[in-house]
Amino acid sequence: MADATALWISGHLAEKIRAHGAETYPHECCGALLGRDLSSVAGSDRGSGAEAPAREILQLFPLVNRRDDSPRNRFSVTPEDVLAAEKAAREQGLEVVGWYHSHPDHPARPSLYDRDHAWPWYSYIIVSIQNGAPQDMTSWRLNDDRAEFSPEEIEIRHRAAV
Amino acid sequence: MPVKVMIPSPLRPYAGKRDSAEFNARTVGEALGHLTTEFGDLRKHLFTEDGKLRSFVNVYVNDEDIRYLAKENTPTKDGDTISIIPSIAGGVPTMELAS
Ligand SMILES: [Zn+2]
């Protein structure tokens with residue numbers, strides 16, 4: 001899992017994540033990333049093999065922030081929400097390949113809290129919202145040893161909606 | 001008494017790519033113990049260094065959250081299914097700012 005990874009997303013969905021972050025500002029937004037992990041497609045011989053291992057996001061599943069004690073800088077999604085996101089993905093032949101959330105008035109870098117509440121394999125997209133306006137958007141994957149996240153390249157790709 | 005432990009996608013790379021595993025276990029704790037003994041790389045993603053289940057890791061027996069049962073002492077019986085489901089949590093870097 002040391003290989004650099006890439007995340008493909010359409011410009012439309014990337015824009016929706018930014019818009020969700022702006023909408024909930026100054027609170028955090030969060031949601032599930034539904035798509036396919038191309039590196040784990042069974043028996044895939046990926047043709048020319050010229051491309052990096054990638055996964056693609058085909059749909060978003062916005063979630064409600066359940067934390068009301070400190071919604072500005074914490075979010076929490078219950079296991080029931082996670083199951084609902086997984087069900088929505090399954091119904092479309094997709095899987096939950098990651099999660100997105102916003103950092104209101106903070107850079108788009110994972111916090112220690114993010115690290116302590118993450119699993120490897122998932123892609124974690126973070127969008128920074130400064131004064132209500134979306135700024136940087138980054139994606140991260142937790143390393144096997146849980147010590148830190150590795151950045152994941154976000155590639156804007158056009159693709160017909162499923 | 002075999003019980004089935006479902007392994008979520010993110011953890012399958014640490015479990016020989018399997019989506020489930022069966023163990024003879026009388027409690028949830030025993031089943032998770034067998035799981036993390038067989039697949040040692042899984043352990044740190046489920047448990048903290050002092051052996052507690054991580055706060056965002058939720059364990060269900062059939063459809064019941066073990067937090068509302070007897071936690072890891074929840075008894076299991078033949079044919080039970082144990083699911084491991086994360087809750088997703090995050091936050092802005094307040095901790096870094098505090099240092
Ligand atoms: Zn965060």
Side-chain angles (χ1 to χ4, degrees), chain A residues 1 26 28 30-32 37 39-40 42 63 65-67 70-83 85-86 89 95-124 126 128-129 141-142 144-147, chain B residues 6-20 28 32 35-36 39-69 71 81-99:
Chain A
M1 300 191 98
E28 285 199 19
C30 55
D37 189 72
S39 62
S40 67
L63 290 161
N65 189 345
R66 307 283 182 186
R67 282 285 288 247
S70 178
R72 188 184 162 97
N73 54 19
R74 288 287 181 270
F75 72 79
S76 176
V77 170
T78 65
E80 288 75 23
D81 290 325
V82 172
L83 289 172
E86 286 179 350
E95 61 183 328
V96 175
V97 295
W99 304 90
Y100 70 87
H101 71 283
S102 63
H103 279 182
D105 297 321
H106 284 279
R109 297 187 60 83
S111 63
L112 291 177
Y113 187 88
D114 288 338
R115 187 197 67 187
D116 288 343
H117 294 79
W119 270 345
W121 189 84
Y122 279 141
S123 294
Y124 293 93
I126 302 176
S128 169
I129 311 290
R141 290 224 215 166
L142 186 66
D144 287 342
D145 63 3
R146 305 191 60 83
Chain B
M6 305 302 295
I7 300 164
S9 302
L11 301 184
R12 286 177 202 159
Y14 309 98
K17 303 203 168 170
R18 297 175 61 165
D19 60 7
S20 69
V28 170
L32 295 179
L35 176 73
T36 52
F39 304 111
D41 291 344
L42 267 183
R43 173 165 283 277
K44 60 182 170 300
H45 303 303
L46 297 180
F47 295 99
T48 59
E49 271 157 34
D50 48 6
K52 292 203 189 73
L53 261 184
R54 290 187 178 277
S55 62
F56 72 98
V57 174
N58 307 282
V59 178
Y60 286 68
V61 175
N62 303 323
D63 288 325
E64 301 240 42
D65 189 334
I66 64 166
R67 245 174 226 129
Y68 306 111
L69 302 171
K71 306 211 165 78
T81 298
I82 297 176
S83 310
I84 302 165
I85 298 157
S87 40
I88 302 303
V92 297
T94 47
M95 278 179 249
E96 283 90 328
L97 290 177
S99 62

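In this text the structure is predicted, and so the values were computed from the model without any measurement. A note on names: the letters A, B, ... follow the listed sequences, proteins ahead of strands, and every chain is numbered from 1.
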A:Pro120 versus B:Pro10, closest heavy-atom pair with distance
O-CB, 3.4 Å

For B:Ser55, is it the side chain, the backbone, both or neither that has a heavy atom under 4.5 Å from a heavy atom of chain A?
side chain

Separation between OH of A:Tyr100 and CD1 of B:Ile88, rounded to the nearest 0.5 Å
13.0 Å

Straight-line distance of A:Trp119 CH2 to B:Leu46 CG, nearest 0.5 Å
6.5 Å

A:Asp145 atom CG, over 12 foreign heavy atoms within 6.0 Å:
yes

Quick one: closest heavy-atom pair of A:Arg146 and B:His45, and the distance?
NH1-ND1, 3.1 Å

Within this structure, what is the CD1-CG distance for the pair B:Ile85 and A:Leu83, rounded to the nearest 0.5 Å?
4.0 Å

Select one option (side chain, backbone, both, neither) describing which atoms of A:Ala118 are under 4.5 Å from chain B's heavy atoms.
backbone

